[in-house]
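By convention here, the first residue in the shown sequence is residue 1. Counting starts at 1 for both ligands and their atoms, following the listed order.
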Amino acid sequence: MSEALGRATKRQLFGAAMTRLQLVQGQIADMAVLIDNAALQVYRAAWTRDTIGGRTSREAAMAKLVATEGAQAVIDAAVQVMGGAGVVSGNTVERLYREIRALRIYEGASEVQKVIIAGQVIAAYEAQA
Ligand SMILES: Cc1cc2nc3c(=O)[nH]c(=O)nc-3n(C[C@H](O)[C@H](O)[C@H](O)COP(=O)(O)OP(=O)(O)OC[C@H]3O[C@@H](n4cnc5c(N)ncnc54)[C@H](O)[C@@H]3O)c2cc1C
């Protein structure tokens, strides 16, 4: 995100820095929210494990899902903000764009995390009912 921000701050479009364009600001806001969402989910899973203990399948699955899907979206937005430079071989965002894809597959694919989350939510509901 910082590489995209650096370029958007310097790059002039319509006589002003790209960061003055509201659609670019929307992308920056979306990226910031996704990054904070991921951090908060990871901290919650770790805090729950450390302080409450026991199984934390629901929290860990949510953290993995949100962090990896969010990272994919953030990197995709960073490539978009950087324009053609974002797909030039050797640029950081171009490398990250290729590298992030596998994280949504290994250590439990996103679909598998959703199955775990739904199972936990349904089990909690049925235990209360
Ligand atoms: C870069 C990389 C590094 C890896 N490193 C290791 C490693 O060090 N050690 C190791 O043991 N393995 C490693 N793996 C393997 C990784 O764990 C598997 O790729 C992963 O578990 C998915 O299994 P699969 O590839 O057989 O896909 P499959 O299990 O065949 O899944 C294919 C698709 O079906 C979906 N799917 C599966 N189950 C469901 C379901 N119930 N409902 C809906 N959709 C579903 C998946 O989400 C996926 O989209 C690595 C993989 C990659 C890409």
Side-chain angles (χ1 to χ4, degrees):
M1 182 179 171
S2 58
E3 188 171 342
L5 266 178
R7 181 175 168 83
T9 307
K10 291 185 198 117
R11 180 115 161 85
Q12 297 277 312
L13 279 182
F14 307 111
M18 273 183 77
T19 46
R20 296 286 162 261
L21 299 174
Q22 287 186 325
L23 283 177
V24 173
Q25 291 175 358
Q27 285 171 308
I28 292 167
D30 286 345
M31 286 191 267
V33 169
L34 287 167
I35 291 167
D36 277 18
N37 271 354
L40 290 169
Q41 289 274 356
V42 170
Y43 296 150
R44 183 182 69 157
W47 180 88
T48 305
R49 180 72 182 179
D50 285 351
T51 57
I52 300 173
R55 292 191 67 83
T56 48
S57 310
R58 178 178 178 274
E59 292 81 2
M62 283 188 179
K64 204 274 181 176
L65 178 68
V66 168
T68 54
E69 292 287 336
Q72 175 91 59
V74 168
I75 293 164
D76 185 66
V79 169
Q80 195 71 16
V81 167
M82 291 190 63
V87 290
V88 171
S89 183
N91 272 351
T92 304
V93 293
E94 182 272 338
R95 177 177 54 78
L96 291 173
Y97 189 77
R98 283 182 284 108
E99 288 183 356
I100 190 59
R101 192 60 188 86
L103 273 74
R104 291 170 54 208
I105 297 171
Y106 63 62
E107 295 294 341
S110 293
E111 290 77 10
V112 174
Q113 303 303 337
K114 288 180 187 179
V115 169
I116 293 169
I117 294 163
Q120 296 281 316
V121 170
I122 293 163
Y125 172 78
E126 288 175 348
Q128 281 178 350

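From Arg58, atom CZ reaches atom OG1 of Thr56 across 11.5 Å, with rounding to the nearest 0.5 Å.
Nearest heavy-atom pair across Asn91 and Met82 is ND2-CE, 4.4 Å. Nearest heavy-atom pair across Ala61 and Ile117 is CB-CG1, 3.7 Å. For Thr19 against Ile28, the heavy-atom pair with the smallest separation is CG2-CD1, 4.1 Å. Pairing each heavy atom of Ala45 with each of Ala63, the nearest pair is CB-CB, 4.3 Å. Here the closest non-hydrogen pair linking Leu34 and Ala73 is CD1-CB, 3.7 Å. Contact record, Lys114 with Leu65: CG-CD2, 3.9 Å, taken as the closest heavy-atom pair.
Scanning the protein for heavy atoms near atom 38 (N) of ligand 1, the closest one is Val112 CG2, 3.9 Å. The nearest heavy-atom contact from the protein to atom 22 (C) of ligand 1 is Ile105 CG2, 4.0 Å. Among protein heavy atoms, atom 44 (N) of ligand 1 sits closest to Glu111 CB, 3.5 Å. Among all protein heavy atoms, the one lying closest to atom 41 (N) of ligand 1 is Val115 CG2, 4.0 Å.
For atom 32 (C) of ligand 1, the nearest protein heavy atom is 4.0 Å or more away. When distances from atom 18 (C) of ligand 1 to the protein are checked, no heavy atom turns up under 4.0 Å. Protein heavy atoms are found inside the 4.0 Å sphere centred on atom 49 (O) of ligand 1. At a distance under 4.0 Å, no protein heavy atom can be found next to atom 6 (C) of ligand 1. Distance check on atom 13 (C) of ligand 1: every protein heavy atom falls at or beyond the 4.0 Å cut-off. For atom 10 (C) of ligand 1, no protein heavy-atom neighbour is present inside the 4.0 Å cut-off. For atom 2 (C) of ligand 1, the protein comes within 4.0 Å by at least one heavy atom.
For CD1 of Ile52, the number of neighbouring non-hydrogen atoms (other residues, nucleotides, ligands) closer than 6.0 Å is greater than 12.
Annotation: Tyr106 places no N or O atom under 3.5 Å from an N or O atom of ligand 1; distance criterion only.
If you number the atoms of ligand 1 from 1 as listed, the ones under 4.0 Å from a heavy atom of Ala109 come out as 46 (C), 47 (O). Ligand 1 places these atoms under 4.0 Å from at least one heavy atom of Ala102: 1 (C).
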Intermediate values then yes/no, side chain to side chain contact (heavy atoms under 4.5 Å, CB included), Arg44 and Met62: CA-CA 10 Å; Arg44 183 182 69 157; Met62 283 188 179; 3.2 Å; yes
